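Inspection log for the structure reproduced underneath, given as structure tokens.
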Amino acid sequence: LQNQIKNGLLISQSFLSKQGKIYLSPIIDCLDGMPVSWTIGTSPNAELANTMLRNAIATLKPNEKPIVHSDRGCHYRWPEWIQIMEEANLTRSMSKKVVLLITLHVRLLGHLKTEMFYGHDWDEYSIEEFIQEINSYMGWYCKDRIKSTLGGLSPLDYRRSIGIAV
């Protein structure tokens, strides 16, 4: 996936199931709210955050150097995270307690929870099955979920409509 991230936003989110806790770590493009990269695991550790960041960096064109906005989570201050950011020449931005950009992320996570998580009995799903369901939802959100803020297009279709190569 090639994109034109100007600003990326990230915050991790947890889900509690009968089998345990699952963590989603996405990076959201502020252009259109599209999740550019995400990782899912059973621990909110450096590997989860760093893998998500490396995968997002791999989608950038050589001249793209977005600002990466994050909350104050400790994994965004760890030396390896900072090193990955510096090696990619990306700008780090740590938010204050309340910031308007968080709204983009909250929308995605709110949609995920209301459209996929709430109202569904996840008790019989293994952790692996639940992770696959989240992965499927995230892919669907990028390719097929229409958004009124994008003129009734999905994030991917919106990018095509404005001439961004995907």
Side-chain angles (χ1 to χ4, degrees), residues 1 3 5-57 59 66-78 81 85 90 92-123 125-159 166:
L1 176 68
N3 54 59
I5 297 177
K6 301 298 182 215
N7 292 286
L9 176 67
L10 41 100
I11 303 171
S12 58
Q13 175 66 48
S14 64
F15 298 88
L16 185 60
S17 76
K18 190 175 182 180
Q19 284 70 28
K21 221 170 194 182
I22 311 295
Y23 296 88
L24 168 65
S25 182
I27 187 163
I28 308 300
D29 191 334
C30 295
L31 170 72
D32 53 14
M34 184 161 116
V36 176
S37 173
W38 63 88
T39 51
I40 305 170
T42 56
S43 177
N45 57 26
E47 181 182 355
L48 190 74
N50 293 345
T51 300
M52 176 271 306
L53 179 59
R54 284 188 187 104
N55 291 345
I57 290 168
T59 71
I67 297 170
V68 179
H69 303 281
S70 67
D71 63 7
R72 298 188 207 191
C74 63
H75 40 287
Y76 309 128
R77 296 177 294 193
W78 287 333
W81 173 272
M85 291 286 293
L90 301 180
R92 293 173 43 222
S93 170
M94 300 287 280
S95 72
K96 296 188 181 210
K97 290 197 182 235
V98 178
V99 69
L100 290 178
L101 287 173
I102 301 301
T103 304
L104 285 173
H105 207 296
V106 170
R107 283 186 186 155
L108 166 65
L109 296 175
H111 290 305
L112 187 150
K113 286 189 168 187
T114 57
E115 294 171 353
M116 187 204 116
F117 187 71
Y118 296 136
H120 190 87
D121 182 8
W122 296 102
D123 288 347
Y125 283 72
S126 69
I127 286 179
E128 294 77 19
E129 290 169 328
F130 186 66
I131 288 172
Q132 181 54 48
E133 290 294 324
I134 294 173
N135 265 322
S136 294
Y137 179 89
M138 296 295 283
W140 172 81
Y141 189 92
C142 294
K143 296 175 188 167
D144 298 313
R145 190 186 187 286
I146 61 170
K147 298 173 70 173
S148 61
T149 56
L150 301 178
L153 300 173
S154 71
L156 198 57
D157 288 338
Y158 176 75
R159 287 174 183 231
V166 290

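These figures come from a predicted structure and were not determined experimentally. In this chain, residues are counted from 1 in sequence order.
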Met34 vs Tyr158, side chain to side chain contact (heavy atoms under 4.5 Å, CB included): CA-CA, chis, key distance, verdict: CA-CA 10 Å; Met34 184 161 116; Tyr158 176 75; over 6 Å; no
Is a side-chain donor-acceptor pair under 3.5 Å present for Trp38 with Asn135?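 Asn135 vs Trp38: donor-acceptor pair found between side chains.
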Under 3.5 Å, is there a donor-acceptor pair linking the side chains of Tyr137 and Glu115?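 Yes, a side-chain donor-acceptor pair sits under 3.5 Å.
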[atom1] of [X] to [atom2] of [Y]: how many Å apart, nearest 0.5 Å?
| X | Y | atom1 | atom2 | answer |
| --- | --- | --- | --- | --- |
| His69 | Ile27 | NE2 | CD1 | 9.5 Å |
| Thr39 | Met138 | OG1 | CE | 9.5 Å |
| Leu109 | Ile28 | CG | CD1 | 7.0 Å |

Please confirm whether the backbone N or O of [Y] pairs with a side-chain atom of [X], one donor and one acceptor, at under 3.5 Å?
| X | Y | answer |
| --- | --- | --- |
| Trp122 | Phe117 | yes |
| Asn45 | Leu48 | yes |
| Ser25 | Ala49 | no |

Hey, does the Lys NZ or Arg CZ of Lys113 hover above the aromatic six-ring of Phe15, less than 6.0 Å from the centre and inside 45° of the axis?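 Verdict for Phe15: a cation-pi partner in Lys113.
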Min side-chain heavy-atom separation [X]-[Y] under 4.5 Å:
| X | Y | result |
| --- | --- | --- |
| Tyr141 | Lys147 | yes |
| Ile22 | Glu133 | no |
| Pro66 | Leu90 | yes |
| Thr42 | Lys21 | no |
| Cys142 | Pro35 | yes |

Do the charged groups of Asp157 and Arg145 touch, with an N to O distance under 4.0 Å?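 Arg145 and Asp157: not salt-bridged.
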Pair His120 + Phe130: ring centers closer than 6.0 Å: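 Judged by ring-centre distance (under 6.0 Å), His120 and Phe130 do not meet the cut-off.
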